[in-house]
Amino acid sequence: MASKKVQLNPEQKRAVDTIEGPLLIIAGAGSGKTGVVTSRIANMLNHGIPQASILALTFTNKAAREMEERVKEITGSKCSNLTVSTFHAFGVQILRRKSHYLGYRPNFSIYDQNDQLTCLKEASRELKLTYEFQELKDLAFFFSDIKTGRREWDNTNDQHKSLYQEFLEHMKLYNAVDFDDLITLPIELFENFPDILDEYQERYRYIMVDEFQDTSLLQYHFIHLIARRYGNICCVGDDDQSIYSWRGANYNNIRQFEADYPHLQEIKLERNYRSTGTILEAANAVIANNTNRKEKALWTEDSDHDRTIKIVNPDDERMEADFIIDRIHELRATDNITFGDVGILVRTNSLCKNMEDALLANNIPYTVSGGQSFFQRKEIKDIIAYLRVITNPDDDVNLLRIVNTPRRGLGKKALQVIVDTSQHLSCSLYNAIHSLVQGQNSALRPNTLNDLQEFLELIESYRELFEEGQTDLAQKLRDLYDSIDYWGHLVQEFAATANEKAAKYRFDNLLLFSDFLERWERNPDNLEPTLVKWLNRITLTTKDEGESDQGKVNLMTIHASKGLEFDHVFLAGVEDGIIPHARSVAESKDMVEEERRLFYVAITRARKKLFITHCQTRRTMNDTVECVPSPFLEEIPKELLEHIEEGNYNLSEEETADRAMASMPWNK
DNA sequence: TGCCGAGGCCTTTTT
DNA sequence: GGCCTCGGCA
């Protein structure tokens, strides 16, 4: 087999060579983890283990894709039978085949947070309960905790039990599942149908879990069910990079893993190949302040201490953005870097906005990952809702979204009649509309009935269209845009603002969306391009996965940066209350430790240069607040830091005045 | 009965 | 800056 050799140090080699039995790899930041994991898979294949027996689970789609690419690269072979997937996508794959055991049809919809919330709202309306938006959100979190076993019913919360039941019934009626279900339902299958479990245990004899510190106990349980027969399970993680505890990740599952597999071998990868000595020293000093961690000491052969971490304290977020942009230009001039070598990291999505505006204004090409994804845009969600209803007419949440978008003259009253009918007949809204249209003495006006009839015909015709020969999905999608006259809808929508451009921009997004579908269905690796599969896939994709975005500055949240690295990193908004986030500080000491890990992750993304900025003042929602530097900065040894006077560099008074004018609300 | 504009509210991190 | 709600108007 033509294989590309990867240089390995002794620990890495041991990790790659240990194929049989349970294995825990503690892989520090920048320790060549991805190389080890992919080499290990390649090594398995070299030992004659069939691709089909290997299951590699990662945390994000990005990581999954990267892993697959790397394995292809090393082995030089196609990996069509290798399963590399996220936990959630793997759950979907199981459910698509086996959901009928649990009473779901295979065309089920997957609800994201928003859809789920809408469903919960519907359920509460049905029970004549009214909640504030925030309360509803809290309830959604609580129900998630209940579903995933993180919390139990007790006498402080069982007043919500009936709503929970109602919510579950709705989801089932809509033939819809949520993200939690993608883990809990496969577990339910495995525990109730031994044959199914047996099938998966026999199929996946070699299992690998990446980013183990970010998996939940439930996800661990899920995978343990499959792995326990043969015990060939390798978990790779770093407790110092555990940053998802708020969504159920719990590095105690490392302890659980050790308990379940007493013969476990453990390998620590502590040599860092990524960052300069300075950056590594700073990172080590910061993380040493955490109490609850596995002892490890990252080291590097790089001992260059001339270079320092630069700290800047601009007046406000505009100056901050300007500083970063000036530095990028400077680095390009002096160090001959490309835009793609730069990462700008922030704690919250809202901080992306400023940076984005500034990058845009300065014509610097950039990509944002995380934040509002392409698929969350209103116009895209509308179209996705159409597609969902076309594939799964019982999906009430999405039906409600589109039944009057674009306008069909349906108002509150008409909708109420539909909802009432569905309750009477205990059927979905779609079926309720159906019987209303067919019925004679309806409470609805003939015009309205006509409109509904047309709506049903539209959905039906597209259902047939999409089902007959699963080809040319993209063209059918474009036809759909025309059939519902979404362009007319957009024009009308933006008529008030007299903004033809805005409408155009939205419609261009739809064209991008259909192009994306086209590329997907034409991909030769894609053996089964159906609409349902595509919908499932994009629900599990947060970032819009454009082609290679080399040559663009990478702007993202720290969470989204995990697993990535950049030559030059700008860490913006390093202020008290942002990192550590005020809400985390308020919550508990453990949460502060998690914020510190987050800071640690951010620092260790940098290979060569790290710039940290914190503003003196920052505009939030409506007012300007004074800012205090993050306490984490004091944990970095002084000699590693260099404070840069930024001042009003290069700006004349005139320019400063212009900027002040431009920032006034009436000029926005 | 449906539509549209004004005002109030909110922003941690993601599959 | 964007989304939801509510109230007045056609």
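Note that the structure is a prediction, hence the values are computed from the model and not measured. Chain identifiers are assigned alphabetically (A, B, ...) following the order of the sequence lines, protein sequences preceding nucleic acid strands; residue numbering begins at 1 within each chain.
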Measure from the side chain of Arg583(A), starting at C-beta and using heavy atoms only, and say which of dT13(B), dT15(B), dT12(B) lies closest.
dT12(B)
Among dT1(B), dT13(B), dT15(B), the nucleotide that comes nearest once only the side chain of Thr86(A) is considered
dT15(B)
Kindly say if Asn404(A) contacts the phosphate of dG2(B), meaning a side-chain N or O under 4.0 Å from OP1 or OP2.
no
Please give me the minimum heavy-atom distance between Glu379(A) and Tyr486(A), naming the atom from each residue.
CA-OH, 3.3 Å
Tell me: CE of Met556(A) to P of dT14(B), nearest whole Å?
11 Å
note: Asp214(A), atom CG; dT12(B), atom P; distance rounded to Å ~ 20 Å
I want to confirm an ordering. Mapping Glu594(A) and Leu410(A) to their closest nucleotides on DNA chain B, which one lands closer to the 5' end?
Leu410(A)
Taking atom NE2 of His581(A) and atom CG of Leu598(A), what is their separation to the nearest 0.5 Å?
11.0 Å
Which sits closer to the 5' end of DNA chain B, Glu595(A) or Phe59(A), going by the nucleotide each is nearest to?
Glu595(A)
Can you check whether His559(A) and Tyr244(A) have ring centres sitting under 6.0 Å from each other?
yes
For the side chain of Thr348(A), starting at C-beta, report the closest nucleotide among dT13(B), dG2(B), dC4(B).
dT13(B)
In whole angstrom, what separates Leu360(A)'s CG from dG1(C)'s P?
13 Å
Within less than 4.0 Å of OP1 or OP2 of dT13(B), is there a side-chain N or O belonging to Asn349(A)?
yes
Looking at Thr539(A), does any N or O in its side chain come under 4.0 Å of the phosphate oxygens OP1/OP2 on dT15(B)?
no
Tyr111(A) OH - dT15(B) C1' separation (whole Å)
18 Å
Looking at every strand, decide which applies to Lys137(A) at a 4.0 Å heavy-atom threshold: base, sugar-phosphate, or nothing.
sugar-phosphate
Is there a stack between His559(A) and dT13(B), judged by ring centres under 5.5 Å and planes under 30°?
no
Side-chain atoms of Lys121(A) come closest, of dT13(B), dG2(B), dT5(C), to dT5(C)
Rounded to whole Å, how long is the line connecting atom CE of Met591(A) with atom P of dT13(B)?
12 Å
Ranking dT13(B), dT15(B), dC3(B) by distance to the side chain of Arg407(A), first place goes to dC3(B)
Distance check needed: dC3(C) P versus Asp382(A) CG, whole Å only.
11 Å
Candidate nucleotides dT15(B), dT12(B), dT14(B), ranked by approach to the side chain of Ser584(A) - the nearest:
dT12(B)
May I ask you to decide whether Arg293(A) forms a salt bridge with Asp240(A), counting only side-chain N to carboxylate O separations under 4.0 Å?
yes
What nucleic acid atoms does Ala414(A) come within less than 4.0 Å of, heavy atoms only: base, sugar-phosphate, or nothing?
sugar-phosphate
In whole angstrom, what separates Arg65(A)'s CZ from dT15(B)'s P?
11 Å
Is any N or O donor-acceptor pair between the side chain of His88(A) and the base of dT15(B) shorter than 3.5 Å?
yes
Under 4.0 Å, heavy atoms only, any strand: does Tyr244(A) hit a base, just the sugar-phosphate, or nothing?
sugar-phosphate
Taking every heavy atom of Leu345(A) against every heavy atom of Ala602(A), the minimum-distance pair comes out as CD1-O, 3.9 Å
Whole angstroms only, please: what is the NZ-P distance between Lys381(A) and dC3(C)?
11 Å
Assess, by modelled atom type and distance only, whether the side chains of Ser144(A) and Asp180(A) contain a donor and an acceptor separated by less than 3.5 Å.
yes
